[in-house]
Amino acid sequence: MRKIAAATVGRSDYGLSRPILRRLAADPAITLQLLVSGAHFDPASGNTFTEIEADGFTITERLPLASPDARPQSVAASMGAAVTAFAEAYATHRPDLLLVLGDRFEMHAAALAALPMRLPVAHVHGGELTFGAIDDALRHSMTKLSHLHFAATEDYAARIRQMGEEPWRVTVSGAPGLDNLADIELAPLADFATRHDLPLTQPPLLVTFHPVTLEHDRTEWHIAELLAALTAFDVPILFTLPNVDTGHQSII
């Protein structure tokens, strides 16, 4: 049996990795070790570890972290705590491979902790760009910490190879989150409005705005500009909450 540990640190990566996790869990030659941390245990973010359990997965290790506040040093402290927590989990469960996805700072901690443990890392969604955010540095750092790379497009795969990764290590796999579209059941607008107590008479404009982490001191200006632009639209506007980055409380 090959033991594959998969890290998930929030709804942002779990929704994308769910199709991969289902395939791994169904493979009789693989033992899936699910290491759950980060915002999954934040009540303000919905305690989304319950969604993992509702999907039928067994959580191998729970690694709760203190939720970072608006200060950058708080995020840095959470990164350090996450490195320690993941390292202890690897020492306990001794996986053969670690699966990470994306560019969250908690996910970077999972990849970093694997380095001194000599634990091979497979990274999904490397080679991409996110301007104005710390995500770029974290994602590219995770590429250099990883041994196998699964890129969403050929352009992203080319960027990974330009970073010095050997071509045989890079696979253009597509975006796994798209596989969710084959399973999702879309609710009629009336049912959706009733479920969430929203008086919608027509399809809304869906708005999600996350902090620009390299300009977190200008978050209030950013969200004010967005709200000003949205006044031009004569349709219902439905906001989702931002992710847990520096400045997210200003957006809320």
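Because the structure is a prediction, the values reported are computed rather than measured. Along the sequence shown, residues carry numbers from 1.
- Grouping the Ile, Leu, Val, Met, Phe, Trp and Tyr side chains by contacts below 4.5 angstrom, directly or via other members, places Val36 with Leu16.
- Applying the side chain to side chain donor-acceptor pair (under 3.5 Å) test to His140 and every residue at least two apart in sequence or in another chain returns nothing.
- Thr213 places a side-chain N or O within 3.5 Å of a backbone atom of Ile134 that can act as its donor or acceptor partner.
- A donor-acceptor pair is defined here as one N or O able to donate and one able to accept, closer than 3.5 Å; no such pair exists between the side chain of Ser17 and the backbone of Ile20.
- Between Phe192 and Leu200, the closest side-chain pair of non-hydrogen atoms falls below 4.5 Å.
- Residues Leu97 and Leu34 are members of one and the same hydrophobic cluster, defined by side-chain heavy-atom contacts under 4.5 angstrom among Ile, Leu, Val, Met, Phe, Trp and Tyr.
- In the model, Ser12 has no side-chain atom that pairs as donor or acceptor with a side-chain atom of Arg104 under 3.5 Å.
- Here salt bridge (charged side-chain N to carboxylate O under 4.0 Å, His left out) pairs that include residues 10-24, with residues two or more places apart or in two chains, are Arg18-Asp55, Arg22-Asp183.
- One N or O on the side chain of His210 and one on the backbone of Asn243 form a donor-acceptor pair closer than 3.5 Å.
- The distance from the CD atom of Glu165 to the OG1 atom of Thr143 is 7.0 Å, given to the nearest 0.5 Å.
- Take Ser141 and apply the side chain to side chain donor-acceptor pair (under 3.5 Å) test, not counting sequence neighbours, and it matches His108.
- Phe41 meets the ring pair (Phe, Tyr, Trp, His ring centres under 6.0 Å) test with Phe49; sequence neighbours excluded.
- Judged by distance alone, with hydrogens and angles left aside, the side-chain atoms of His123 form a donor-acceptor pair with the main-chain N or O of Gly102 at under 3.5 Å.
- Within the structure, the ring-ring contact (aromatic ring centres under 6.0 Å, His included) test picks out no pair touching residues 74-102 (sequence neighbours left out).
- In this structure, Val121 is not a member of the same hydrophobic cluster as Phe150, with clusters built from ILVMFWY side-chain heavy atoms closer than 4.5 Å.
- Among the candidates Thr208, Leu205, Leu198, the single residue satisfying the side-chain contact (heavy atoms from CB on, under 4.5 Å) test with Leu238 is Leu198.
- Under the 4.5 Å side-chain heavy-atom criterion for ILVMFWY residues, no single connected hydrophobic cluster contains both Met163 and Leu129.
- Between the side chain of Arg2 and the backbone N or O of Asp96, no donor-acceptor pair lies under 3.5 Å.
- His222 is not listed as a side-chain neighbour of Pro211, based on a closest heavy-atom distance of 4.5 Å or more.
- With Thr231 contributing its side chain and Leu227 its backbone, the two residues share no donor-acceptor pair below 3.5 Å.
- In this structure, Met142 CE and Leu101 CG are separated by 7.5 Å, a value rounded to the nearest 0.5 Å.
- Side-chain contact of His40 with Thr8: a donor-acceptor pair under 3.5 Å is present, judged by distance alone.
- Taking Phe105 as the reference, nothing meets the ring pair (Phe, Tyr, Trp, His ring centres under 6.0 Å) condition, with sequence neighbours excluded.
- Within the 3.5 Å criterion, the main-chain N or O of Pro167 finds no donor-acceptor partner in the side chain of Arg161.
- Atom CD of Glu220 sits in a sparse spot, with 12 or fewer heavy atoms from other residues, nucleotides or ligands closer than 6.0 Å.
- Each of Leu21, Ile59, Thr58 was evaluated against Ile52; a single residue qualifies, Ile59, per the side-chain contact (heavy atoms from CB on, under 4.5 Å) test.
- Leu112 and Val75 fall into different hydrophobic clusters, defined by Ile, Leu, Val, Met, Phe, Trp and Tyr side-chain heavy atoms under 4.5 Å apart, directly or through other members.
- Distance check, rounded to the nearest 0.5 Å: CG of Leu63 to CD of Glu88 gives 10.0 Å.
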